[in-house]
Undergrad: 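Please read through the structure below; I'll follow up with questions.
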Number of protein chains: 2
Amino acid sequence: MGVGDPLTPTGRVILGMVGLGKTTGYDIKQLVDRSTRFFWAASYGQIYPELRRLEQAGLLRGHEEPTGGRLRTVYELTDAGHRALEEWLGSDLDLVGEMRDEGMLKLFFSDLAGPERQLQIVRQMREALERKHAQLSALHSHASAMSSGPRLTLEYGLGATTWMIGWCRETERRLSGREAA
Amino acid sequence: MGVGDPLTPTGRVILGMVGLGKTTGYDIKQLVDRSTRFFWAASYGQIYPELRRLEQAGLLRGHEEPTGGRLRTVYELTDAGHRALEEWLGSDLDLVGEMRDEGMLKLFFSDLAGPERQLQIVRQMREALERKHAQLSALHSHASAMSSGPRLTLEYGLGATTWMIGWCRETERRLSGREAA
DNA sequence: CAGGTCATGTAAAGCGTTACATGATTTT
DNA sequence: AAAATCATGTAACGCTTTACATGACCTG
């Protein structure tokens with residue numbers, strides 16, 4: 001596999017995490033769950049096979065570093081890995097997030113269910129957003145210890161979520177008014 | 001397959017679209033591409049097999065209705081289909097959008113690439129968002145002809161995108177300032 | 001009559017989650 | 001001694017995209 005090979009989706013997050021100093025599959029998963037999860041998740045079922053694929057492709061180098069009798073494989077970027085990471089970070093992005101939001105889909109079809117249901121859907125969207133906002137807020141308490149990139153993504157997520165909660169609130173108000181009228 | 005069976009992801013959008021009066025696979029795909037695509041896409045490779053699965057499950061009924069010599073299978077909701085659709089629309093939503101945003105992922109790792117790259121990434125995010133905003137705006141010109149659900153999702157998408165563009169703009173300003181300083 | 005739209009489909013490949021399985025070390 | 005954490009992995013299943021393939025009808 002040559003250097004020009006495009007990274008797979010999960011390959012991107014793994015390469016980045018190893019670049020940030022995360023060394024084991026477990027360690028990567030931990031940080032993903034505490035940070036990128038909100039816009040880019042990854043599961044063990046993807047991480048471990050992908051680590052080996054990236055090693056085979058020459059972008060990572062792994063060596064055994066057991067802690068006592070506990071197995072442990074530590075990965076680091078090779079020169080080719082560094083280059084691939086910089087190439088990816090410098091490349092254009094054409095795809096904007098293909099996202100899936102079930103609340104939005106329900107809202108789209110909500111005319112089929114009647115006005116009370118429509119209001120209920122917006123309320124549920126808001127509640128889900130509020131849960132998300134709470135999780136992001138919890139992370140934000142460590143913001144001072146974050147470097148620029150992670151802090152920016154967190155503030156973006158927090159701000160966007162806040163806007164969306166506000167939209168839901170105002171829409172709930174408008175829809176309730178319509179019912180009362 | 002009983003009524004209590006959970007709908008597959010694509011099953012949901014198809015059932016909804018048939019509920020809205022879309023009758024053929026082609027027709028469904030057209031509307032998806034002009035509307036829900038921004039938060040819920042679907043491809044022919046999913047639509048046609050899923051239509052048959054939903055028919056087998058008793059939620060849809062399909063019959064041949066050729067236009068001249070041109071094959072055409074028209075679907076409609078069965079009673080069970082109506083019930084399944086209402087059940088889904090009335091159910092709680094626990095999952096908030098699992099989304100994937102490559103711009104955010106790049107921004108997260110942007111410290112590895114230097115300050116100019118970081119600025120470049122935010123600029124690219126804004127440009128992608130502006131393209132999306134333009135597409136949504138084009139749809140919005142027909143807003144008066146839309147029913148409540150579709151109009152709400154469109155306005156939500158437009159508003160959220162506008163907020164995000166503003167965030168990018170302000171962040172670009174802040175990051176440029178930092179460079180100049 | 002050429003190009004666009006209507007209309008349907010399949011096969012292969014890739015992506016991803018979930019559930020399962022194992023075992024050592026550390027903390028309470 | 002139990003519970004939590006560290007650590008790695010696989011198998012099955014399901015979802016989705018992409019590329020390919022076909023052909024009729026309509027418009028200029």
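Labels below follow one simple rule: chain letters A, B, ... track the order of the sequence lines, proteins then strands, and each chain is numbered from 1. Note that the coordinates shown come from a computational prediction; the quantities given were computed from them, not determined experimentally.
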Undergrad: Go through the structure and list residues passing salt bridge (charged side-chain N to carboxylate O under 4.0 Å, His left out) with A:Lys22, not counting sequence neighbours.
TA: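 Result, salt bridge (charged side-chain N to carboxylate O under 4.0 Å, His left out) vs A:Lys22: none returned.
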
Undergrad: Taking side-chain contact (heavy atoms from CB on, under 4.5 Å) as the definition, give me every residue that meets it alongside A:Thr78, ordered by chain and number, with sequence neighbours left out.
TA: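 Counting only residues at least two positions away or on another chain, A:Thr78 forms a side-chain contact (heavy atoms from CB on, under 4.5 Å) with A:Arg61, A:Ala80.
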
Undergrad: Do B:Glu76 and B:Thr23 have side-chain atoms, one donor and one acceptor, less than 3.5 Å apart?
TA: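 Result is no, nothing qualifies.
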
Undergrad: How would nucleotides 4-13 of chain C be written as a contact map, 5' to 3', with B for base contact, S for sugar-phosphate-only contact and - for no contact, using protein heavy atoms under 4.0 Å?
TA: -SBBBBB---

Undergrad: Can you tell me which residue pairs pass the side chain to side chain donor-acceptor pair (under 3.5 Å) test with a partner in residues 150-169 of chain A, sequence neighbours excluded?
TA: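 Pairs touching residues 150-169 of chain A that pass the test: A:His133-A:Thr162.
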
Undergrad: Mind calculating the distance between CD (A:Glu98) and P (C:dG14) to the nearest angstrom?
TA: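 So the CD-P distance, A:Glu98 to C:dG14, works out to 18 Å.
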
Undergrad: Return the value, rounded to whole Å, for the distance between atom CZ of B:Arg53 and atom P of D:dG14.
TA: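 That distance rounds to 10 Å.
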
Undergrad: Check the distance between D:dA7's P and A:His63's NE2 and give it to me in whole angstrom.
TA: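 About 14 Å, once rounded to whole Å.
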
Undergrad: Rounded to the Å, how far apart are A:Asp33 CG and C:dT18 C1'?
TA: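 Distance check: A:Asp33 CG to C:dT18 C1' gives 14 Å.
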
Undergrad: Round to the nearest Å and state the distance from B:Gln46 atom CD to C:dC15 atom C1'.
TA: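 It works out to 12 Å between those atoms.
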
Undergrad: For B:Arg12 and D:dG14, what is the distance between atoms CZ and C1' respectively, to the nearest whole Å?
TA: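 Taking atom C1' of D:dG14 as the reference, CZ of B:Arg12 is at 13 Å.
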
Undergrad: Atom CD1 of B:Ile47 and atom P of D:dT18: how far apart are they, to the nearest Å?
TA: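 It is 13 Å, rounded to the nearest whole Å.
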
Undergrad: I need the CG-P distance between A:Leu54 and C:dC15, as an integer number of Å.
TA: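 Atom CG in A:Leu54 sits about 12 Å away from atom P in C:dC15.
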
Undergrad: Got a sec, which residues hit side-chain contact (heavy atoms from CB on, under 4.5 Å) with A:Gln30, two or more places apart in sequence or on another chain?
TA: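 Listed in chain order: A:Tyr26, A:Arg34, A:Tyr44.
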
Undergrad: Partners of B:Gln46 by side-chain contact (heavy atoms from CB on, under 4.5 Å), sequence neighbours excluded?
TA: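 With neighbours one apart ignored, the set is B:Thr10, B:Ser43.
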
